[in-house]
Amino acid sequence: MTLAEESCTSPRRGAPGPGEAEIAELGARVPGWEVARPGGAPRLRRAFSFDDFASAVSFASRVGAEADEQDHHPRLTVEWGSVLVEWWTHATGGLHRNDFIMAARTDRIYGG
């Protein structure tokens, strides 16, 4: 089963996120995403390019609908020709498998 085919789960507040080895393994399954650490807490980040603003907004809307379906929501920064998507899990204070699942689903939306 691919990450995009998995569903998000509800993590326990304060539960530890994946360790560095698991982050590396899961990260390899979503190429193009970087692990950023603003303020020290890890999150997945990727910028997507578009030919115009309307396409960027449409993509952001589709990612938002997927996020609502999975009850796991990203930070979306929409600009002319690009959307920056960031996934992390507040309950764990960093990354969770859900973030990698949603990164894979975001890639599927972009490619599909």
Side-chain angles (χ1 to χ4, degrees):
M1 176 182 301
T2 68
L3 281 172
E5 295 169 319
E6 292 183 32
S7 294
C8 291
T9 61
S10 295
R12 279 185 306 114
R13 183 156 299 282
E20 292 301 320
E22 187 176 0
I23 288 172
E25 184 272 320
L26 290 167
R29 296 175 66 184
V30 286
W33 290 83
E34 69 171 325
V35 176
R37 296 179 188 276
R43 63 182 63 178
L44 292 178
R45 176 184 293 165
R46 182 173 177 188
F48 295 87
S49 297
F50 300 90
D51 292 333
D52 53 46
F53 186 69
S55 297
V57 169
S58 175
F59 172 75
S61 179
R62 291 189 323 251
V63 171
E66 188 83 12
D68 273 346
E69 179 184 303
Q70 291 296 308
D71 196 26
H72 191 65
H73 302 91
R75 172 179 289 161
L76 299 171
T77 305
V78 180
E79 300 178 303
W80 190 97
S82 73
V83 177
L84 178 65
V85 181
E86 296 177 283
W87 294 103
W88 75 99
T89 301
H90 294 280
T92 63
L95 291 173
H96 183 273
R97 187 176 189 90
N98 291 346
D99 303 306
F100 295 91
I101 290 168
M102 294 308 294
R105 285 175 173 236
T106 303
D107 288 343
R108 184 172 62 188
I109 291 167
Y110 186 69

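Please read all numbers here as calculations on a predicted model, not as lab measurements. Hydrogens, waters and symmetry mates are skipped; everything else that's a heavy atom, side chains included, is used.
- Both Leu26 and Ile23 are members of a single hydrophobic cluster when ILVMFWY side chains are connected at heavy-atom separations under 4.5 Å.
- A donor-acceptor pair under 3.5 Å links the side-chain atoms of Gln70 to the main chain of Cys8, judged by distance alone.
- For the atom pair NE2 of His72 and CG of Asp99, the computed distance is 3.5 Å after rounding to the nearest 0.5 Å.
- Using bins of under 30°, 30° to 60° and over 60° for the plane-to-plane angle, the ring pair Phe59/Phe48 lands in the tilted bin.
- Taken to the nearest 0.5 Å, the CZ atom of Arg97 stands 14.0 Å off from the CE atom of Met102.
- Between the side chain of Asp68 and the backbone N or O of Ala65 there is no donor-acceptor pair closer than 3.5 Å.
- For the pair Arg37 and Glu20, the salt-bridge criterion is met [side-chain N within less than 4.0 Å of a carboxylate O].
- Cluster annotation: Trp88 is not connected to Trp33 through the hydrophobic network of ILVMFWY side chains, with a link wherever side-chain heavy atoms come within less than 4.5 Å.
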Quiz item: Can you check side chain to side chain contact (heavy atoms under 4.5 Å, CB included) on Thr9 and His96, steps first, answer last?
Solution: CA-CA 10 Å; Thr9 61; His96 183 273; 3.6 Å; yes

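- In this structure, a donor-acceptor pair under 3.5 Å is present between the side chains of Thr106 and Trp87.
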Quiz prompt | Residue pair Arg46, Val30: steps toward the side chain to side chain contact (heavy atoms under 4.5 Å, CB included) verdict | solution = CA-CA 10 Å; Arg46 182 173 177 188; Val30 286; over 6 Å; no

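- Grouping the Ile, Leu, Val, Met, Phe, Trp and Tyr side chains by contacts below 4.5 angstrom, directly or via other members, places Phe100 with Leu76.
- In this structure, Asn98 contributes its side chain and Ser10 its backbone to no donor-acceptor pair below 3.5 Å.
- Interatomic distance, Arg43 CZ to Thr89 OG1, rounded to the nearest 0.5 Å: 11.0 Å.
- Looking at Arg62, its side chain never comes within 3.5 Å of a backbone N or O of Tyr110 through a donor-acceptor pair.
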